[in-house]
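What follows is a single structure, written as structure tokens, with notes after it.
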Amino acid sequence: MVTEGPSLHCRHCSAQGAAPGRCSFCGVENEVTIDGLRTRKSIQDAVHGWAQSIAGAPKALERTITAVAVRDEIVQRLATEVRRRDIRVCRRPATQGRRSPAPLDPSRVDPFAVTIPELAARSEYIAECDTCQGLGSCACEICRGTGAAPCSSCNGSGREYSDHSKRMINCKACRGKATQGCSACLRSGKTSCQACATTGSQVVWLTFDQTSRWVVTFSHETPIVTAHQQLLEGRFLAEADLEAFTVLGVTSESGPMPPDRYRDSSELLRHTLATIDGRIERIANQQIVQFGAVRRDVSYEMAGRLGTIVLSGNALVGAVTRAAVAPIRQRRNLWIGSAAGVALASWLLAGHFKGESAYFTVVNSRLTLLWLVTLAFAIPAIGAGIRAVRPKFKFGFFSPTEKVSGGCAAVFGILMIATGAFGQPSIRGAEKALAAQDTKHAREIINGMKERGTLGPEGLDAEDSVAIAEAVTLPVEERVTRLDAVAARGGKHATEARASARQVRLEALRTALANRDGATVVALTDHWFKGVWSSDDEVRALRASAHDVAFASCKDEPCRLQAAQLAQRALGSEERKQRTEDARSKLMLSLVTTEPAVKDKLQRLKYLRELETIAAQTISIGDADAELAQRATAARDWAHRERAKVPLVGSSLAIVEELLGQAAQTAGKIASVSLGQTVAYLSLGEDKTCRGVYATGATAFSRAFDSGTWSADHLLSQAVGQTTKVKAPTPEGAVTSRWYEVSTQVVARFNAGKLVELRIGDATP
């Protein structure tokens with residue numbers, strides 16, 4: 001950079017750091033000195049400064065220099081200012097005069113031989129208007145000669161938005177036609193021609209427009225021109241523009257320079273002259289500059305390629321050429337591609353050790369962190385490695401920082417692989433977690449092994465151990481299910497799981513029995529020991545005890561008999577046998593078909609209902625013997641007949657409710673009772689005595705009687721207190737039938753052959 005300091009420079013190529021004797025860069029024998037340098041900076045400094053302006057260039061590009069070719073170059077620059085005059089036709093409206101031919105041909109006019117006023121005077125004539133072709137009018141620009149323009153209210157759509165109806169309607173201005181009469185031409189489609197003021201003629205004359213341009217040419221193609229952009233500017237060069245060079249000569253002239261006079265530059269002059277249109281262009285000024293430039297062709301090797309940077313001028317300015325930037329661009333592309341490839345490969349490698357189950361949460365985070373750190377060190381190391389590669393697979397220098405970066409990338413990459421390999425789930429890890437009573441972590445390890453597909457037979461046994469440990473904290477049903485699954489697999493823990501499941505079941509039965517919940521005990525034995533409990537003494541004892549509990553909680557004799565029988569069947573004993581016989585004897589006594597001692601009709605009906613219920617329950621007992629079943633059937637039938645003898649009509653509301661069910665007061669003296677798909681309305685007297693029954697179907701728009709528990713015949717029989725049937729209407733086609741049952745009038749109405757209304761006694765809808 002400067003000539004002072006400890007650094008030595010080669011006098012021939014300006015390389016810094018040269019040693020006495022032969023220069024290691026240019027190979028010239030010379031005395032190394034720091035005085036009399038022709039350039040203002042060293043080769044290394046120039047290359048370093050040039051590299052800073054190139055995207056992707058390494059910081060120490062100067063360290064890749066392998067050779068410097070020294071040459072001085074003579075360059076000629078010719079700058080030419082060219083003036084151009086283009087002929088242009090002018091027109092204006094003609095007020096009078098006859099049309100005439102053009103006096104001058106524009107293609108034969110030399111614009112540099114006349115002035116603008118002279119050319120206008122010599123070329124003026126009257127011609128037909130070129131806009132309207134002499135008609136004085138032309139098509140309207142608004143409607144394009146149609147006389148109809150787009151409607152301004154709807155913009156030519158024919159539709160507009162109505163604030164009243166909140167929708168699109170036909171435009172009111174154009175009535176949906178989208179056009180209106182053109183106001184510019186009054187619907188005629190024609191307007192006055194402005195170019196000729198309606199005369200149809202124009203005054204025409206010629207004029208010219210003058211412009212200037214610069215043509216800059218050089219004696220030969222050279223990177224020096226690329227490096228020094230002021231040489232390409234279209235202007236004469238000043239002294240300041242040539243400070244970087246040795247000026248050999250500057251010549252400027254107004255007008256063209258004769259090639260014969262300037263023989264050294266004749267080729268440049270002739271080449272420039274050949275690019276000028278002699279009819280409308282003239283050379284205004286020319287300048288020839290001849291200068292000598294210091295040139296250093298610096299060779300460097302990088303990314304397996306050889307690059308050449310051309311430094312020129314006293315300041316050694318570098319030219320950006322393809323040969324100069326090719327290795328840099330190749331290194332940049334290889335760097336991006338290699339970094340992306342390394343990033344993808346390392347990510348796939350890390351992904352090989354990752355998993356989705358909970359076990360891999362920590363491993364995944366560690367691998368991701370190590371991947372990022374590895375990549376952070378690997379990227380600069382990759383760039384340094386590509387830079388260091390020279391042709392024929394030789395290698396250049398590596399800085400200490402780059403060596404450290406590459407080493408760290410390798411270390412963290414190995415650490416990433418080791419973390420992934422040693423972080424995989426194993427049976428030993430599951431066993432350690434179980435030993436520490438950490439069943440959650442043990443389950444995570446097993447799930448991780450399942451995901452990896454490394455469980456194997458030994459792993460399945462470990463999973464059974466985990467399942468047995470997990471079952472301790474689960475609810476009873478889930479615990480049993482888990483233990484049964486382990487037992488069903490048949491592994492080495494199957495016997496333990498089967499025994500544990502049995503103990504859990506028995507403990508659940510004992511707990512329910514302690515809580516006097518016999519029904520649960522029975523249900524659980526049917527669920528857990530179905531088909532086998534009768535051969536298991538321990539389960540039989542618990543089931544028998546459950547029936548004993550049920551016996552103690554029974555409210556009626558059929559329930560007690562059934563509970564005693566079930567207990568005896570589960571696990572027989574003399575006590576349970578005696579209890580069964582006592583229950584049967586009591587039930588036999590309760591099924592007596594004799595009139596009760598009560599005189600009240602309502603109490604008698606209740607007694608009959610209870611007898612009928614007990615008899616029905618006795619019949620439903622599967623173990624009832626023939627004698628008991630026969631007595632129960634007789635008692636049920638007798639109670640049913642006796643209740644059927646009590647008529648609804650004439651009975652109190654309490655008796656009616658005992659026979660039919662709870663009644664709901666609807667309005668006044670009317671009460672209603674729902675009988676499944678039939679509704680019965682009761683007509684009540686002042687003393688709440690039923691005077692009549694009106695019944696109809698409960699389904700709206702149909703009202704047909706449903707043949708349920710209370711059919712029409714059953715209801716009619718109960719209403720009159722004797723067995724009877726609803727009579728069909730006569731003759732055929734009639735819809736109503738009327739008759740009397742035991743002095744009670746009955747009216748039945750049919751619709752489409754179906755009974756829809758039954759009126760018994762004094763009843764109205």
Side-chain angles (χ1 to χ4, degrees), residues 516 518-519 547-568 579-664 671-676 678 680 682 684 688-690 693 708-711 713-723:
R516 310 296 294 173
H547 290 306
D548 291 341
V549 171
F551 179 87
S553 61
C554 284
K555 304 297 184 183
D556 51 60
E557 293 305 326
C559 175
R560 292 188 185 95
L561 176 59
Q562 187 176 26
Q565 289 175 340
L566 292 174
Q568 176 66 12
R579 185 187 300 162
T580 302
E581 292 176 355
D582 293 343
R584 182 181 182 281
S585 298
K586 291 180 181 180
L587 185 57
M588 289 287 287
L589 292 175
S590 65
L591 294 174
V592 177
T593 56
T594 58
E595 283 291 336
V598 296
K599 299 292 186 180
D600 184 67
K601 185 185 293 187
L602 179 60
Q603 293 300 321
R604 180 177 181 273
L605 287 174
K606 290 181 179 180
Y607 167 78
L608 293 173
R609 173 169 53 82
E610 292 173 359
L611 179 60
E612 187 176 3
T613 301
I614 292 174
Q617 291 175 349
T618 303
I619 294 172
S620 66
I621 298 175
D623 291 340
D625 54 73
E627 182 184 3
L628 183 60
Q630 183 178 2
R631 179 169 291 193
T633 303
R636 181 195 62 184
D637 296 342
W638 178 76
H640 181 73
R641 289 194 302 271
E642 291 300 314
R643 283 173 61 87
K645 293 177 182 179
V646 179
L648 298 176
V649 179
S651 298
S652 65
L653 180 60
I655 292 176
V656 173
E657 288 182 328
E658 173 62 30
L659 294 171
L660 297 183
Q662 186 66 35
S672 65
V673 180
S674 177
L675 305 175
T678 303
L682 309 176
L684 304 176
K688 297 295 182 181
T689 301
C690 179
V693 179
T709 303
W710 284 94
S711 64
D713 292 340
H714 186 191
L715 180 59
L716 176 59
S717 299
Q718 189 70 66
V720 299
Q722 66 179 20
T723 303

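With a 6.0 Å radius and a threshold of 12 heavy atoms from other residues, nucleotides or ligands, His714 has its NE2 atom above the threshold.
For the atom pair CZ (Arg636) and CD (Gln617), the distance works out to 13.0 Å, reported to the nearest 0.5 Å. Leu591 contributes atom CG, which lies 12.0 Å from atom CD of Gln630 (distance to the nearest 0.5 angstrom). Here CG of Asp625 is found 10.5 Å from CZ of Arg631. Values are rounded to the nearest 0.5 Å. To the nearest 0.5 Å, atom CG of residue Leu605 and atom CD of residue Gln603 are 9.5 Å apart. In this structure, CG on Leu587 lies 11.5 Å from SG on Cys559, to the nearest 0.5 angstrom. With values rounded to the nearest 0.5 angstrom, Trp710 atom CH2 is found 11.5 Å from Leu716 atom CG.
Pro596 and Tyr607 make their closest contact through CG-CD2, 3.5 Å (heavy atoms, listed as atom of the first residue, atom of the second, distance). The shortest heavy-atom contact between Cys554 and Arg560 is O-NH2, 3.3 Å. A pairwise comparison of heavy atoms in Glu557 and Ala583 identifies OE1-O, 4.0 Å as the closest pair. Listed here is the closest heavy atom pair of Ser651 and Val656: O-CG2, 4.2 Å. Considering every non-hydrogen atom in both Val720 and Pro647, the closest pair reads C-CB, 3.6 Å. Of all heavy-atom pairs between Leu675 and Ala680, the closest is CD1-CB, 4.1 Å.
Counting heavy atoms from C-beta outward, Leu653 and Thr689 have side chains that stay 4.5 Å or more apart. Annotation: side chain of Arg604 is in contact with side chain of Glu595 (closest heavy-atom distance under 4.5 Å). Within the 4.5 Å cutoff, no side-chain heavy atoms of Thr593 are placed close to those of Asp637. Contact of the Leu682 side chain with the Val693 side chain is registered, since non-hydrogen atoms from C-beta on lie closer than 4.5 Å. Between Leu660 and Leu715, the closest side-chain pair of non-hydrogen atoms falls below 4.5 Å.
Residue pairs meeting the side chain to side chain donor-acceptor pair (under 3.5 Å) criterion with at least one partner in residues 653-662, sequence neighbours excluded, are Arg609-Glu658, Arg643-Glu658, Glu657-Gln662.
Between Asp548 and Arg579, at least one side-chain nitrogen of the basic residue sits less than 4.0 Å from a carboxylate oxygen of the acidic one, meeting the salt-bridge criterion. A salt bridge does not link Glu581 to Arg584: none of the charged side-chain nitrogens sits closer than 4.0 Å to a carboxylate oxygen.
Here Thr613 pairs with nothing under the side-chain hydrogen bond (donor to acceptor under 3.5 Å, both in side chains) rule; sequence neighbours left out.
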